Amino acid sequence: MGKYIVKNGQKIEGTLDIRGAKNSILPIIAGSILNENISIIHNVADISDVHIMIKILESVGCKIKYENGTLVVDSSNIVSCDINEEYVNKMRSSIIVMGAMIGRLDYMKIGHPGGCKIGKRPIDLHLEGLRKLGVEITESEGFIHCNKKELKGSTIVLDFPSVGATENIMLASVKANGITKIINPAKEPEIEDLANFLNKMGAKISGAGTNLIKIEGVKKLNKVEHTVIPDRIAIGTYMVASAMTGGKLEVKNVIHSHMDPVYKVFSCCGCDIKYLDNKVILLPTRKIKSMELVKTLPYPGFPTDMQSQIMALMSISDGETIFNETIFENRFMHVKELIKMGANIEIIDKNTCLVKGVEKLYGNNVVSSDLRGGASLVLAGLVAEGETEISNIYHIERGYEKFEYVLRSLGANIKKEL
Ligand code: EPZ
């Protein structure tokens with residue numbers, strides 16, 4: 001299963017230039033099913049979730065090449081309409097293939113994505129949106145069957161600005177007859193990146209990143225070339241590593257507007273940040289100040305995907321910080337592991353915990369339960385006295401390319417053991 005062995009004592013500092021956003025790449029790969037043509041996608045991180053998406057597209061007939069961060073997808077011939085449940089079980093976000101597949105075929109079948117550790121993660125908003133577009137959906141024995149005669153544009157109001165539901169509705173609407181409006185869509189940067197990719201292949205999408213997305217159905221799509229946006233969450237994660245260890249970090253190829261919600265948190269807790277063109281510099285931090293409240297919200301609020309990393313930072317701050325996780329119902333699995341390392345954290349209810357900063361953390365054997373929670377344990381290990389062993393690192397490798405290599409290149413004492 002693999003583990004990291006991390007020893008404290010080093011500053012994490014230097015220059016970082018990392019590949020594109022996982023949560024942008026995945027829906028964009030799904031979108032490459034639509035154009036029955038070639039899609040050239042640059043800045044694609046070499047992470048296990050990308051390899052699962054490649055397998056899914058190959059399983060339905062796409063021809064794919066992936067070299068040096070560039071993915072070339074040929075979706076001319078789709079030979080199957082059945083997404084193997086094994087893939088959906090491995091990566092629940094593969095459900096975003098559904099919108100693209102039914103946007104192109106009259107029938108598709110996909111395994112029902114179970115929940116995952118951070119929450120039940122239902123897909124009711126996805127299915128409701130597709131039904132509004134004219135898709136007949138039946139669920140039986142753990143499978144979802146989608147049938148359509150004609151996709152007709154519709155106005156869809158999302159009760160919650162779900163990222164995945166917004167993406168599935170966008171993908172299914174690209175070639176629908178008429179205009180689709182999504183009211184209260186997700187506004188994350190990854191939604192805008194998907195819209196830009198689809199527009200480059202000939203779609204007509206406007207309003208991505210706002211409270212109203214409009215998709216005018218088109219008949220024909222063409223070859224596309226696109227470069228994926230930087231990974232705001234991976235960048236934020238490495239910035240926490242430097243802030244915790246008093247290092248100076250320069251990150252290239254950053255889109256500052258995407259980072260704003262995270263920059264705000266760094267500034268509030270005493271980190272000094274400089275912005276130059278498309279670079280950000282985090283200066284050495286002497287003392288981490290507590291924050292009073294860190295509340296996760298849909299974009300442009302503070303991202304839930306940075307919650308556990310900032311919790312590791314607050315665990316060595318000079319005071320008390322309340323964490324309120326409003327997006328997922330079970331995203332505190334890292335708490336008990338941080339406590340094993342000496343963190344002073346009290347879980348008040350399933351969405352709230354109180355972190356009291358301590359002088360020192362101590363190395364221990366801890367278990368990664370999910371992608372971002374696992375990363376937060378590595379961050380804690382960088383400052384915990386002695387040695388920390390983090391197991392089940394496959395969670396972490398889903399979303400961070402060469403995680404231990406990047407940290408080592410920035411000075412960390414970390415090694416991977418199988
Ligand atoms: C995406 O997940 C991201 N994953 C997540 O990143 C991210 O945490 C999340 O958006 C929120 O920003 C990818 O993009 C691959 P949601 P998604 O639909 O689409 C509820 C990471 O660490 N909901 O916005 O699944 C749901 O239960 C991952 O990189 C419904 O109730 O997120 C959750 O509580 C983790 N019904 C909330 O909405 C639905 O039909 C947010 O889910 C859909 C969602």
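If you're wondering where the values come from, they're calculated on a predicted model, not measured in any experiment. All ligand and atom numbering here is 1-based and tracks the order in the structure.
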Student: So is there a nitrogen or oxygen of F160 less than 3.5 Å from a nitrogen or oxygen in ligand 1?
Tutor: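 No, no N or O pair falls under 3.5 Å.
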Student: Heavy-atom distances under 4.0 Å decide this one: backbone, side chain, both or neither, for L371 against ligand 1?
Tutor: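 L371 to ligand 1: side-chain contact only, backbone stays beyond 4.0 Å.
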Student: For side chain to side chain donor-acceptor pair (under 3.5 Å), just list the numbers for T245 and Q10, CA-CA rounded to whole Å, side-chain angles, deciding distance to a tenth of an Å, and then say yes or no.
Tutor: CA-CA 7 Å; T245 56; Q10 318 300 327; over 6 Å; no
Student: Could you tell me, atom by atom, which parts of ligand 1 come under 4.0 Å of a heavy atom of R121?
Tutor: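 Answer for ligand 1: 2 (O), 17 (P), 25 (O), 27 (O).
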Student: Is there any N or O on G164 that sits under 3.5 Å from an N or O of ligand 1?
Tutor: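 Yes; at least one N/O pair falls below 3.5 Å.
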Student: N/O of E329 under 3.5 Å from N/O of ligand 1, yes or no?
Tutor: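 It does not: no N or O of E329 is found under 3.5 Å from an N or O of ligand 1.
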Student: My understanding is that only one of K350, K120, R121 makes a salt bridge (Lys or Arg N to Asp or Glu O under 4.0 Å) with E329; could you say which?
Tutor: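 Only one option passes, and that is K120.
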Student: Of the side chain and backbone of R372, name the one, both, or neither that has a heavy atom under 4.0 Å from an atom of ligand 1.
Tutor: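 The answer is the side chain of R372.
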Student: Indicate, as side chain, backbone, both or neither, the part of T304 found under 4.0 angstrom from ligand 1 when only non-hydrogen atoms are considered.
Tutor: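 The side chain, only.
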Student: Which residue owns the protein heavy atom closest to atom 24 (O) of ligand 1, what's the atom, and how far is it?
Tutor: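 Ranked first by proximity to atom 24 (O) of ligand 1 is V163 N, 2.9 Å.
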Student: Can you confirm whether the side chains of D82 and S80 place a donor and an acceptor under 3.5 Å from each other?
Tutor: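 Per modelled atom types, D82 and S80 side chains form no pair under 3.5 Å.
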Student: Using heavy-atom distances, let me know which of S162, P122, G119 sits nearest atom 39 (C) of ligand 1.
Tutor: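 When every heavy atom of S162, P122, G119 is considered, P122 comes closest to atom 39 (C) of ligand 1.
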Student: With heavy atoms under 4.0 Å as the rule, classify the contact between I327 and ligand 1 as side chain, backbone, both or neither.
Tutor: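 I327 to ligand 1: contacts from backbone and side chain alike.
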Student: R92 heavy atoms, cut-off 4.0 Å: which ligand 1 atoms fall inside?
Tutor: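 With R92 as reference, the close atoms of ligand 1 come out as 25 (O).
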Student: If only side-chain N and O atoms count, and only distance matters, is there a donor-acceptor pair under 3.5 Å linking H226 with N43?
Tutor: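 On atom types as modelled, these side chains do not qualify, holding no pair under 3.5 Å.
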Student: Strictly distance-based, threshold 3.5 Å: is any side-chain N or O of Y238 a donor or acceptor partner for the main-chain N or O of L249?
Tutor: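 Side chain of Y238 to backbone of L249, a donor-acceptor pair under 3.5 Å: no, none is there.
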Student: Are D17 and N253 linked by a side-chain donor-acceptor pair shorter than 3.5 Å?
Tutor: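 A pair is found: one side chain offers a donor N or O, the other an acceptor, under 3.5 Å apart.
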Student: Which residue pairs satisfy the side-chain hydrogen bond (donor to acceptor under 3.5 Å, both in side chains) criterion with at least one member in residues 94-109, sequence neighbours excluded?
Tutor: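 Residue pairs passing side-chain hydrogen bond (donor to acceptor under 3.5 Å, both in side chains), neighbours aside: Y107-H145.
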Student: What residue and atom, counting heavy atoms only, is the protein's closest point to atom 3 (C) of ligand 1, and at what distance?
Tutor: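 Nearest neighbour among protein heavy atoms for atom 3 (C) of ligand 1, to 0.1 Å: N23 ND2, 3.6 Å.
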Student: Could you tell me whether Y275 and Y263 have their ring centroids closer than 6.0 angstrom?
Tutor: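 Yes.
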Student: Tell me the contacting part of L125 for ligand 1: side chain, backbone, both, or neither, using a 4.0 Å heavy-atom threshold, strictly below.
Tutor: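 For L125, the contact with ligand 1 is made by both the backbone and the side chain.
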Student: How does E190 reach ligand 1, if at all, at less than 4.0 Å between non-hydrogen atoms: by side chain, backbone, both, or neither?
Tutor: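 Under 4.0 Å from ligand 1, E190 contributes no heavy atoms.
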Student: Check if K120 has a non-hydrogen atom at a distance under 4.0 Å from any atom of ligand 1.
Tutor: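 False for this residue.
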Student: Any non-hydrogen atom of R398 lying under 4.0 Å from ligand 1?
Tutor: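 Per 4.0 Å heavy-atom rule, R398 does not contact ligand 1.
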Student: Considering heavy atoms of the protein only, find what lies nearest to atom 36 (N) of ligand 1 and give residue, atom and distance to 0.1 Å.
Tutor: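 Heavy-atom neighbour on the protein nearest atom 36 (N) of ligand 1: D124 OD1, 2.7 Å.
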Student: For Q309 and T237, does a side-chain donor sit closer than 3.5 Å to a side-chain acceptor?
Tutor: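 The criterion, which ignores hydrogens and geometry beyond distance, is satisfied for T237 and Q309.
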Student: Using a 4.0 Å cutoff against the non-hydrogen atoms of K22, which atoms of ligand 1 qualify?
Tutor: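 Heavy-atom distances to K22 below 4.0 Å select 21 (C), 29 (O).
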Student: Answer with side chain, backbone, both or neither: which part of E167 has a heavy atom less than 4.0 angstrom from an atom of ligand 1?
Tutor: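 For E167, no heavy atom sits under 4.0 Å from ligand 1.
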Student: For the residue pair M201 and S39, establish whether any side-chain heavy-atom pair is separated by less than 4.5 Å.
Tutor: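 SC-SC contact between M201 and S39 confirmed.
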Student: Are the side chains of L26 and M91 in contact, using a 4.5 Å heavy-atom criterion?
Tutor: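 Yes - at least one pair of side-chain heavy atoms lies under 4.5 Å apart.
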Student: Within the distance-only criterion (no hydrogens, no angle test), does the side chain of R398 pair as donor or acceptor with the backbone N or O of L371 below 3.5 angstrom?
Tutor: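 Here the side-chain-to-backbone pair does not exist.
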Student: Cut-off 3.5 Å, side chains only: do E150 and N177 have a donor facing an acceptor?
Tutor: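 Yes, because at least one side-chain N or O of E150 sits under 3.5 Å from a partner of the opposite role on N177.
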Student: Give the residue, atom name and distance (to 0.1 Å) of the protein heavy atom nearest atom 32 (O) of ligand 1.
Tutor: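 Result: F328 CZ, 4.1 Å.
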Student: How far is atom 8 (O) of ligand 1 from its nearest protein heavy atom, and which residue and atom is that?
Tutor: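 Checking every protein heavy atom, the shortest distance to atom 8 (O) of ligand 1 gives D305 OD1, 2.6 Å.
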Student: Of all the atoms in ligand 1, which lie at a distance below 4.0 Å from a heavy atom belonging to R331?
Tutor: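 That gives atoms 8 (O), 22 (O), 35 (C) of ligand 1.
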Student: Would A165 count as a polar contact of ligand 1, with the cut-off being nitrogen or oxygen pairs under 3.5 Å?
Tutor: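 No; the residue has no nitrogen or oxygen that sits under 3.5 Å from a nitrogen or oxygen of the ligand.
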Student: Is there a protein heavy atom at a distance of less than 4.0 Å from atom 20 (C) of ligand 1?
Tutor: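 No.
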Student: Closer than 3.5 angstrom, by distance alone: can the side chain of S391 be matched with the main-chain N or O of K3 as a donor-acceptor pair?
Tutor: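 Between the backbone of K3 and the side chain of S391 there is no qualifying donor-acceptor contact (under 3.5 Å).
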Student: How would you list, by chain and number, every residue that makes a side chain to side chain contact (heavy atoms under 4.5 Å, CB included) with S315, sequence neighbours excluded?
Tutor: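 Residues passing side chain to side chain contact (heavy atoms under 4.5 Å, CB included) with S315: A343, V355, L361.
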Student: Within the structure, does P161 bring an N/O atom to less than 3.5 angstrom of an N/O atom in ligand 1?
Tutor: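 Between P161 and ligand 1, no N or O pair is found under 3.5 Å apart.
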Student: Output the list of atoms in ligand 1 that are nearer than 4.0 Å to some heavy atom of I123, sorted by atom number.
Tutor: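 Under 4.0 Å from I123, ligand 1 has these atoms: 39 (C), 40 (O).
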Student: Please confirm whether S93 comes within less than 3.5 Å of ligand 1 when only nitrogen or oxygen atoms on both sides are compared.
Tutor: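 Min N/O separation from ligand 1 is not below 3.5 Å for S93.
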Student: Decide side chain to side chain donor-acceptor pair (under 3.5 Å) for S75 and N35; before the verdict, give the C-alpha distance in whole Å, the side-chain angles of both, and the deciding distance to 0.1 Å.
Tutor: CA-CA 7 Å; S75 63; N35 65 349; 3.0 Å; yes
